[in-house]
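Structure record follows, encoded as structure tokens.
This is a predicted model, so every value here is computed, not measured. All chains are named by letter (A, B, ...) in the order of the sequence lines, taking the proteins before the strands, and each is independently numbered beginning at 1.
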Amino acid sequence: MKRQEIKEILSSEAFGSTIKVNGWVRTKRESKNVNFINLNDGTVIHNLQIVADVNNFDENILKKINTGAAISVVGELAESGGQQRVELIAKEIEVIGEADPDKYPLQPKRHTLEFLREIAHLRMRTNTFSAIFRIRHAMIYAVHTFFNNKGFFNMHTPIITASDAEGAGEMFQVTTLDMSNPPRNEDGSIDYSQDFFGKKTNLTVSGQLEGELAAMALSKIYTFGPTFRAENSNTSRHLAEFWMIEPEMAFYDINDNMDLAEEFLKYLIQYALDNCMDDLEFLSQRLQQEEKDKPADQRSMELIEKLRFVANNDFIRLTYTEAIEILENSKHNQKGKFQYPVKGFGTDLQSEHERYLVESHFKKPVILTGYPASIKAFYMKLNPDGRTVAAMDVLFPQIGEIIGGSQREENYEVLVEKMEKMGVPVEEMSWYLDTRRFGSVPHSGFGLGFERLITFVTGMGNIRDVIAFARTPKNCEF
RNA sequence: UCCCUAGUAGCUCAGUUGGUUAGAGCGGCGGACUGUUAAUCCGUAGGUCGUAGGUUCAAGUCCUACCUGGGGAGCCA
């Protein structure tokens, strides 16, 4: 008999028909005459209630039906008199895999996210994490759908790279050399000519530079791949291994770039609202339980309301210079409430400043542009004023920078000059500079941290809870 | 990497100014009862108090170092 998935069973009208279902036991309630088993197979957040008449089953089988056990049930679909619409009256039950209740860590009780993080191999079996990973899948699908609909081409850019000039952070080295006895040059330095690729190599910190090469041929491309940063970052919004989406578009200026970024984010959020409502409602309820313990002024907007708000309202766009002005004139600053006082053009914006703009001043997502050239990467296009660049950061409440991007410097001479000024090795990058030598055009792109998006959409507080197995400093379990 | 904070039963926590045999709730197990909803009620087992040193007649409690978790900062997506 073919197994049916709980998602379809729960919307079925075929009362009286005999069906088979497989899944994992969430809870069992024992009565004198019947046992109630809540079964979940991960296809949907809701459980199917199995009703087992104790007189029809061997006591030893019922005893093995504990929280976490995998079972297969054949039974008759029936209307339920309880909280659920349908239930399954069991005729046959097979215990496929037992779960010793004395040892199985997930018991029917509230667990903290910190504890569940330690048992990440089992936490997908909880409502919270199964919801998160279903939403994560939907967002992956939505990313590809969005770009495909717009005529973008997906590029797989290299994971291993010899370029250490991307300037996006510390890199993980990739080597096959014997670490305890590496070959050495006469001066004592390591001889990488004997390494696998004949040179020093690392894991990629960004696919952008290769993405630019592709955009100079295919017009509009995007990458969606793993990204590795060996920064010693211990925060709720950083991972050493994460997934990044990087579109790159020829003939797009900074305004086209902003339009795309805003449309993209709204599309993704709307997609979640249209396709993941069951899971979002569950996560929302979970969050509201948590919020109950907080003082009223620290509570955040309800999850679904927040997502609708972002999907339906225009983002605020302003320049760095305007932002500095707002911050300088704010009562917050004049009362000295910023830990880092705002002192005119050139000061790098701190988290507290970004949060003030997004969460207190505008209460909306903000796109900041026109940053001082001195605090941004070499490849960003220099504005006519000669001191700012066409950079853009999209700032979201709670998570801060969700997108970072820019129009790229397409002028060969200007780019080389900036590289030399910032210590980027020009000769090693000649392949990159070729795009500016031959048929150079204005172009733009940005990077979206996928897990930061998922953090926002699910309302989770820690980025380690929206990736299956988080890699962070001193942590590479599973 | 820096600042703050925590580590006591499977989980979440309490444990007074250092003072006898270390407590609760949840979960587990046993039983009662019941078409139940994380069922309810009664009973029961379960702890090298993060690790290593130190102070003291006496340390879960005080001191030092280290490890790990959490919050914040920097770096960024």
### Query
Given B:C75, is OP1 or OP2 found less than 4.0 Å from the side-chain N or O atoms of A:Ser233?
no

### Task
Can you check each nucleotide of nucleotides 25-34 of chain B against protein heavy atoms at under 4.0 Å and return B for base, S for sugar-phosphate only, - for none, in 5' to 3' order?
BBSSSS---B

### Student check: side-chain heavy atoms of A:Leu62 and A:Val54 closer than 4.5 Å
yes

Please enumerate all protein N or O atoms sitting under 3.5 Å from an N or O of nucleotides 41-52 of chain B, with distances to 0.1 Å.
none

### Summary
For RNA chain B, consecutive-pair runs of 3 or more (Watson-Crick or G-U wobble, both H-bond-type distances under 3.5 Å) give B:1-7 with B:67-73, B:10-13 with B:23-26, B:28-32 with B:40-44, B:50-54 with B:62-66

### Message
What is the separation between atom CZ on A:Phe396 and atom C1' on B:C76, rounded to the nearest whole Å?
### Response
17 Å

Distance-only check: which donor-acceptor pairs under 3.5 Å involve side-chain atoms of residues 259-268 of chain A, not counting sequence neighbours?
unit_1	atom_1	unit_2	atom_2	d
A:Asp259	OD1	A:Arg317	NH1	2.9
A:Asp259	OD1	A:Arg317	NH2	2.9
A:Glu262	OE1	A:Arg317	NH2	3.1
A:Glu262	OE2	A:Lys266	NZ	2.8
A:Glu262	OE2	A:Phe315	N	3.0
A:Glu263	OE1	A:Lys150	NZ	3.4
A:Glu263	OE2	A:Lys150	NZ	3.2
A:Lys266	NZ	A:Asn313	O	3.2
A:Lys266	NZ	A:Asp314	OD1	3.3

### Residue pairs, two or more places apart or on separate chains, that pass salt bridge (Lys or Arg N to Asp or Glu O under 4.0 Å) and touch residues 129-139 of chain A
A:Arg134-A:Asp279, A:Arg136-A:Glu451

### Query
CD1 of A:Ile37 versus P of B:U36: gap in Å, rounded?
17 Å

### Query
Taking CD1 from A:Ile403 and P from B:A77, how many angstroms apart are they, rounded to a whole number?
11 Å

### Geometric cation-pi criterion, A:Arg452 with A:Phe242: 6.0 Å, 45°
no

### Task
Answer yes or no: does a side-chain N or O of A:Ser351 lie under 4.0 Å from OP1 or OP2 of B:G72?
no

### Message
Base of B:C76, side chain of A:His238 - is there a donor-acceptor contact under 3.5 Å?
### Response
yes

### Message
Please confirm whether the shortest side-chain N or O distance from A:Arg29 to OP1 or OP2 of B:A39 is below 4.0 Å.
### Response
yes

### Message
Could you check whether any side-chain heavy atom of A:Tyr379 comes within less than 4.5 Å of a side-chain heavy atom of A:Glu409, counting everything from C-beta outward?
### Response
no

Return the polar atom pairs (N/O with N/O) between nucleotides 67-71 of chain B and the protein under 3.5 Å, or none.
unit_1	atom_1	unit_2	atom_2	d
B:G70	OP1	A:Arg117	NH1	2.2
B:G70	OP2	A:Arg464	NH1	3.3

